[in-house]
Amino acid sequence: MRRIETDIIVIGGGATGAGIARDVSMRGLRCVLIEKNDLASGTTGRNHGLLHSGARYAVKDLESARECIRENRILKKIARHCVEDTGGLFVTLPEDDPMYHRNLIEGCRFAGINAREITVRRALQIEPNLNPAILSALHVPDGTIDPFRLTSANALDASERGAIIMTHTRVNAIIRNGTRVEGVSCIDRKNEQLDIYGSVVINASGVWGQEICSMAGIELAMFPSKGSMLIIDYRINGVVVNRCRPPADGDIIVPGDTVSLIGTTSMEVPYEKIHDNNVTDEEIEVLLSDGEKLIPNVSRTRALRAYSGVRPLIAVSGENTGRNISRGIALIDHNTRDGLEGLITIAGGKLMTYRLMAEKATDLACRKAGVSRKCTTHKVPLPGSEKGISRRRRIKEFSGIPDSVVGSTFYRHGQRLQSIMTREKRNYRLICECEMVTEGEIEYAIKNLNVKDLVDLRRRTRIGMGPCQGELCAYRGSGLLQEYGGASPEESVELLQDFLEERWKGVRPVLWGDGLRESEFTYWIYQGLFGISRPVKIKKKRTD
Amino acid sequence: MKYDALIIGGGLAGLTCGIRCAAAGLRTAILSGGMNSLHFSSGSVDLAGYDDEGELVKKPFEQVKKICRARKDHPYAKAGLPAVKKAMEFFIETTSNAGLTMNHNGDMNHFHITGLGTLKPAYLSQESVFGPRGLEIVNSGGKIAVMNFSGFRDYYPEQTVAYLKKNRIFADRDIVLGEISLPWYMNTQKNMHEFRSTDLARIFETEKYLPRIAEEIRKGAGDATAVSLPAFLGIKNYRAIRKRLEELTGKFIYEIPTLPPSILGLRIDQALKDSFIGYGGEFIAGERAESGPVDSGLLEHINTRNSGIEPVSAKYYVLATGSFFSGGLTSNSQRIMEPVFNFKVDADSKRSKWYSWFFFDAKSHPFLSYGVRTDKNFNPVNEKGNTVKNVFCAGAVLSGYDPVREGCGGGVAISSGFACAGKIIGELKK
Ligand SMILES: Cc1cc2nc3c(=O)[nH]c(=O)nc-3n(C[C@H](O)[C@H](O)[C@H](O)COP(=O)(O)OP(=O)(O)OC[C@H]3O[C@@H](n4cnc5c(N)ncnc54)[C@H](O)[C@@H]3O)c2cc1C
Ligand SMILES: Cc1cc2nc3c(=O)[nH]c(=O)nc-3n(C[C@H](O)[C@H](O)[C@H](O)COP(=O)(O)OP(=O)(O)OC[C@H]3O[C@@H](n4cnc5c(N)ncnc54)[C@H](O)[C@@H]3O)c2cc1C
């Protein structure tokens, strides 16, 4: 059994956990982050990546709205390569209550959100695919945020400052000594036990926070709410499109990279069901028909994937009826609440308030550890976001390499482009043509960004995320995992199979049209041509 | 009426059908909307690879016989065992006349080696794949080299070796890895690291390079007697190229199919097209059939994308448009369709029934056996429920079989194409 000593232990490698690891490291403390799966594999990687302006909350929840606009401005500075400043629209459909538009303008004014009323004509100029029947439109500073890049950049910065990031390692017990938490006990990827001791344990495990607390012998009730989303192939909108009405199902369409996302449904689910990420045919219907009301093109464009996430809503006061559920940020000092020293839970909030959540949790942890250094994460840019590189300079520096290839690497990794791309031909050859992922980017990700398998690699680079969903690049990726990641050939083939199974989960609910066609092709390649799993009776249970 | 037989779709099924029609002296045309599945295939022909339990089939015709008896909706049952046998003979002869030798192992399946080092059963394979001769060398203790072209992104030989080793035939054989690199060629090229199989095939087709390639093989393979390369030994002169390399190296050289474009498949495609044109058939490339009136129970003519005013008509038509992949079948969120004539299809009406829960489910996927419903004469049924007597259907567009799970895609395409031609020839004789 291995044993590690550190100062702060963070459970959970979502945006919140990675943000905490960074903040803690910037304040000069040692830190170990434990993630049972991959970075951003929980709720962080399962939302629509809307960098809220706060307008969505401005009518009902002023505090959240204010938090949003503050963090919105900060992230546009410190996380430029993870954020796209697209702007957003709130549009009123004929069937919507026209009063909401007024209320929203009012709410935005109170919250300090710069919302501008624009004409319908102007709105259609900004977003030509928009439903021309809209009655009014409001422009707000919404944007988009890539959760994978954001989490990875935070983890990268933390590890460059000395933190240890352990993915595919699961906390399975909390080490307690009387009324003190002293550390955590984990099982790593190779099934080996590992004990980590530290002065404070921060539970940033999102909706799984309930499990962690019960490991510590205390109660914390989560009220999980599932939301499903649909990815549309091609970026059918340039700005975020919101429906101007009280938040409900299917009322946001967010552009992101090469695609657009329609979201979301919302459904309370029992806690035992939080692992069930399946999207039902009914949910698909709702998303398509509501999405179509905003952008009529939706139903004529190919649906690429569907997926769902679970919002980690929490009952703060400790009662279990769910009446006092907070939708805001919940910071719990378990010493005050349960008489258990050394454990903090941070949950709730949003992806885009991750930094603020991290700041709050780190402030409390630092107080406990007797450290007084102030938070600076709102000022110091994330690795890659330090400053822009002009297109002119990129072209000069990487002349001979197709501009689009340089551009997409830059888009994903910002200034780190310089440590990724070389002018060696092998380095910039394309492995994934849909998303223009080069071998150099893959090598960099495998060596620097905690990549253990092909699914991790996809989260770091977008390999296999485009229209073909990994037809050819999955195989190439498996070959490169051997070359740069030290995977044995057998492992690389197993990882290839896992990757294709994982892709299938998202394709399955929208299997028609071109999606069915591509799937038939992929099946022919891997099963027909490669015989990856000989078609004999494999017995597997129907669970994910 | 310009044609006796007009075939829609120029894949394995349409070409086989067209060749037989043209060889019988019919005025025959093939409309081909685009690339066919051969461009993506292994280049071997599967007749019956796995039985109902998923076990390997040793004698494929025995399995076909069983299918004919037990599954009357299977295309093999509609063609009948004798026609399946004749179709395979016809195919072997046709390709051989066009210069492409397809080997078989008597009435037994043989196996070929895949890129992942798994072994797949097949009935016919090109002489350049592992096949019976490779097996002989391995059984006699020969050492194997698995080679790649340096920097080729579509093949990873370490995987081939690892999985070959898991098989008892190869378990205690010496298998080494080796690379061919042509640095001098690289500098003259744009980005050789992005080369596809077709680009590499062009290098092998350049005769003056062969001695240097042979030198690389000798260096990389050492004392191995059998050497594999990803399949890119040329699309045109492959026979001579391979022979030359074998002479120069003194080794048995064989090809492993890898990611598309499939050089092995392209050779079959080329051989069949040459044969069809040789018999006087008209191959109309880049032309898609769009629609055609079938109200009366007979197809009157077809409208094509580019023909504009002039609809095309023939005495008999063959629908050989392939499966989803080639556009022979399409779908929306509600249903599966045959897009040209809206013929009835066999498919589940509920979308959630179209697929299996796991991608690599042992049961494969229901959608793979969806297709146009036909009667025992391969005639389809129109929207109104009338059998369309002057249209026959062949190949992957047909329902009633799962090409992957049963390992019978190529066999069904060839036999149904052959059988449809037989029906047309028979009708015209009347
Ligand atoms: C449908 C939907 C849409 C949303 N849309 C938006 C949006 O547009 N904009 C926005 O800002 N927010 C959005 N959100 C909210 C946002 O996604 C979440 O609030 C945020 O991602 C939570 O991040 P987290 O790091 O706290 O939790 P998570 O990302 O869930 O991270 C927790 C991590 O802990 C790990 N873990 C759990 N148990 C263990 C263990 N025992 N050992 C080790 N690791 C463990 C998990 O694997 C997981 O990776 C949305 C949420 C949903 C559900
Ligand atoms: C990726 C892949 C790999 C395979 N590997 C093997 C293998 O290793 N061994 C094996 O035995 N079988 C294999 N198969 C299966 C076998 O190749 C097919 O079952 C068989 O080739 C199907 O032939 P086909 O002529 O019916 O269809 P296809 O080869 O698909 O040809 C159909 C043709 O019709 C054209 N078309 C479609 N619609 C129209 C229209 N409206 N008008 C005009 N033209 C049209 C298409 O462009 C295409 O050229 C593979 C199939 C695929 C897809």
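Note that these values count all heavy atoms, side chains included, but never hydrogens, waters or copies made by symmetry. Here is the naming used below: chain letters follow the sequence lines, and residue numbers restart at 1 for every chain. Everything numeric in this text was worked out from a predicted model, so none of it was measured.
Residue contact with chain A, scored on non-hydrogen atoms closer than 4.5 Å, involves the backbone and the side chain of B:Phe325 alike. Looking at A:Trp512, both its backbone and its side chain come within 4.5 Å of chain B, counting heavy atoms on both sides. Both the backbone and the side chain of A:Thr522 have a heavy atom closer than 4.5 Å to some heavy atom of chain B. Contact of B:Phe152 with chain A is made through the backbone alone, with heavy-atom distances under 4.5 Å. Proximity to chain B is limited to the side chain of A:Ile525, based on heavy atoms less than 4.5 angstrom apart. In this structure, the portion of B:Ile336 lying under 4.5 Å from any heavy atom of chain A is its side chain and not its backbone. Of the atoms belonging to B:Ser41, it is backbone heavy atoms, and not side-chain ones, that fall under 4.5 Å from chain A. In this structure, no portion of B:Lys363 lies under 4.5 Å from any heavy atom of chain A. For A:Glu520, the parts lying under 4.5 angstrom from a heavy atom of chain B are both the backbone and the side chain. Looking at B:Phe40, both its backbone and its side chain come within 4.5 Å of chain A, counting heavy atoms on both sides.
Counting heavy atoms of neighbouring residues, nucleotides and ligands inside a 6.0 Å radius, atom CE of B:Met337 exceeds 12 of them.
The residue among A:Gly515, A:Ser519, A:Ser478, A:Ser299 with the most heavy atom pairs within less than 4.5 Å of chain B is A:Ser478. The residue among B:Val161, B:Thr258, B:Leu116 with the most heavy atom pairs within less than 4.5 Å of chain A is B:Leu116. The candidate from B:Ser352, B:Gly49, B:Ser364 with the greatest count of non-hydrogen atom pairs under 4.5 Å with chain A is B:Ser364. Of the listed residues (B:His112, B:Arg335, B:Lys166, B:Gln334), the one with the most heavy-atom contacts under 4.5 Å to chain A is B:Lys166. Ranked by heavy-atom pairs under 4.5 Å with chain A, the first of B:Ser333, B:Gly409, B:Gly407, B:Ser326 is B:Ser333. Ranking B:Tyr155, B:Tyr355, B:Tyr156 against chain A, the residue ahead of the rest is B:Tyr156, based on heavy-atom pairs under 4.5 Å.
Proximity of a side-chain donor or acceptor of A:Lys226 to a complementary backbone N or O of A:Asn277 within less than 3.5 Å is not detected.
In summary, A:Glu483 and A:Arg426 engage in a salt bridge, as defined by a charged side-chain N under 4.0 Å from a carboxylate O. Under the 4.0 Å criterion applied to side-chain N and carboxylate O atoms, A:Glu518 and A:Arg503 are not assigned as salt-bridge partners. A salt bridge does not link B:Arg196 with B:Asp199: none of the charged nitrogens is closer than 4.0 Å to a carboxylate oxygen. Comment: A:Glu439 does not engage B:Arg153 in a salt bridge, judged by the lack of any side-chain N to carboxylate O separation of less than 4.0 angstrom.
Between A:Tyr428 and A:Phe398, the distance separating the two ring centers is not shorter than 6.0 angstrom.
The salt bridge (Lys or Arg N to Asp or Glu O under 4.0 Å) contacts involving residues 466-482 of chain A comprise A:Glu433-A:Arg476, A:Arg476-B:Asp154, where partners must be two or more places apart or lie in separate chains.
The shortest heavy-atom contact between B:Glu179 and B:Gly151 is OE2-N, 4.3 Å.
Atoms CG and CD, on A:Leu500 and A:Gln469 in that order, are 10.5 Å from each other to the nearest 0.5 Å.
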